[in-house]
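Below is one structure; the comments refer to it alone.
FYI, the numbering just counts along the sequence from 1. In this text the structure is predicted, and so the values were computed from the model without any measurement.
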Amino acid sequence: MSKSITTLTEYWELRDEFKRLGYLDDEGNEGNSKRSPTPSDTTCDLDAVRNNSPDHKPRDYPKSAFQAGAHAFCYRDHAYTAMPNGNGAKNWFWFDTTHNDPNTELPAECYGAEWQSLDQPPPDSQKYCKGGQSRYNSDSKVWFIVEPSPDQSGCKPIKDYKLPTGRECEKRFDNVINQCMKDGHGTSGIWKEETDNGCWDWSMWGQILE
């Protein structure tokens, strides 16, 4: 016979445990993630990435550039849907890590490939970009993508995945940032998420500036 919840304290303790395991989000709604992240879900310092350079090596940038990229990806005006046919949800951004956007207290976004297109209005924080020598005074370029994990062993059947937005999205990228950039900088990483829609890789890496 299962133990009943007899006090309000027990209720909140159980609710917090369900949040930790990913069955509820921060608002108490049913979550999509099937388990909490662990270090074994994360791969750091990738050997090769889809980069615009002959060596395909990820570039090393300050941790703050990746934090700003995760924020820019997750707080766009549209929601991403990653699809299992290889069409991952992706975006990439240029930042000036020497000047912050006072609205986010993160590096100013100088340019972004809004919804996978270079034909978009400049970000509001572009006016704060002053310290870099690359596109629109940027000093870093970071790429973000959510796509099907190559290994779907033990995963639910793969299907379209409407990504969470806002802080719930940002927390997933934090799994990479917190694990792979402990020294204040890094090149790349992947966190594998197990969901009801299959397993998905949340990836980021530094690209060569252009």
>> Using the ring pair (Phe, Tyr, Trp, His ring centres under 6.0 Å) criterion, which residues pair with F144? Sequence neighbours excluded.
In response: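 In terms of ring pair (Phe, Tyr, Trp, His ring centres under 6.0 Å), with neighbours along the sequence ignored, F144 is linked to F173.
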>> Under the rule for ring pair (Phe, Tyr, Trp, His ring centres under 6.0 Å), what residues qualify as partners of W205, not counting sequence neighbours?
In response: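 Partners of W205 under the ring pair (Phe, Tyr, Trp, His ring centres under 6.0 Å) test: W143.
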Test item: [X] side-chain N/O and [Y] main-chain N/O as donor-acceptor pair under 3.5 Å:
| X | Y | value |
| --- | --- | --- |
| S149 | Q152 | no |
| S140 | F95 | yes |
| S188 | L46 | yes |
| D201 | S203 | no |

What pairs with [X] under side chain to side chain contact (heavy atoms under 4.5 Å, CB included), at least two apart in sequence or on another chain?
| X | result |
| --- | --- |
| D139 | D96, T97, T98 |
| D45 | T187 |
| D124 | none |
| L106 | Q67, A68, H71, T104 |

Test side chain to side chain donor-acceptor pair (under 3.5 Å) applied to [X] - qualifying residues, sequence neighbours left out:
| X | value |
| --- | --- |
| D151 | S153 |
| D160 | none |
| N100 | none |
| W202 | E193 |

> Which is it for E168 and K162 under the salt bridge (charged side-chain N to carboxylate O under 4.0 Å, His left out) test, yes or no, and what are the steps along the way?
Replying inline: CA-CA 12 Å; E168 282 304 309; K162 184 176 180 179; over 6 Å; no
Testing the basics here: between [X] and [Y], what is the closest heavy-atom pair and its distance to 0.1 Å?
| X | Y | result |
| --- | --- | --- |
| Q207 | Y61 | O-OH, 2.5 Å |
| C74 | E170 | SG-N, 3.3 Å |
| A89 | L163 | CB-CD1, 3.9 Å |

Hey, quick one: are [X] and [Y] part of the same hydrophobic cluster, counting side-chain heavy atoms closer than 4.5 Å, chains of contacts allowed?
| X | Y | result |
| --- | --- | --- |
| W92 | L209 | yes |
| I145 | W191 | yes |
| M204 | Y111 | yes |

> Under 6.0 Å between the ring centres of F73 and Y80?
Replying inline: yes
> Step by step, would you call E109 with R76 a salt bridge (charged side-chain N to carboxylate O under 4.0 Å, His left out)?
Replying inline: CA-CA 13 Å; E109 180 186 342; R76 299 319 251 189; 3.3 Å; yes
>> With a 4.5 Å cut-off on side-chain heavy atoms, are T81 and Y161 touching?
In response: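 Not in contact.
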> Are more than 12 heavy atoms from other residues, nucleotides or ligands located less than 6.0 Å from atom NZ of K127?
Replying inline: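 For K127, atom NZ is crowded (more than 12 foreign heavy atoms under 6.0 Å).
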> Which is it for R167 and D174 under the salt bridge (charged side-chain N to carboxylate O under 4.0 Å, His left out) test, yes or no, and what are the steps along the way?
Replying inline: CA-CA 10 Å; R167 184 59 191 142; D174 282 348; 2.9 Å; yes
>> Checking D47 now: which residues fulfil salt bridge (charged side-chain N to carboxylate O under 4.0 Å, His left out) with it, not counting sequence neighbours?
In response: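 Per chain and number, D47 pairs via salt bridge (charged side-chain N to carboxylate O under 4.0 Å, His left out) with no residue.
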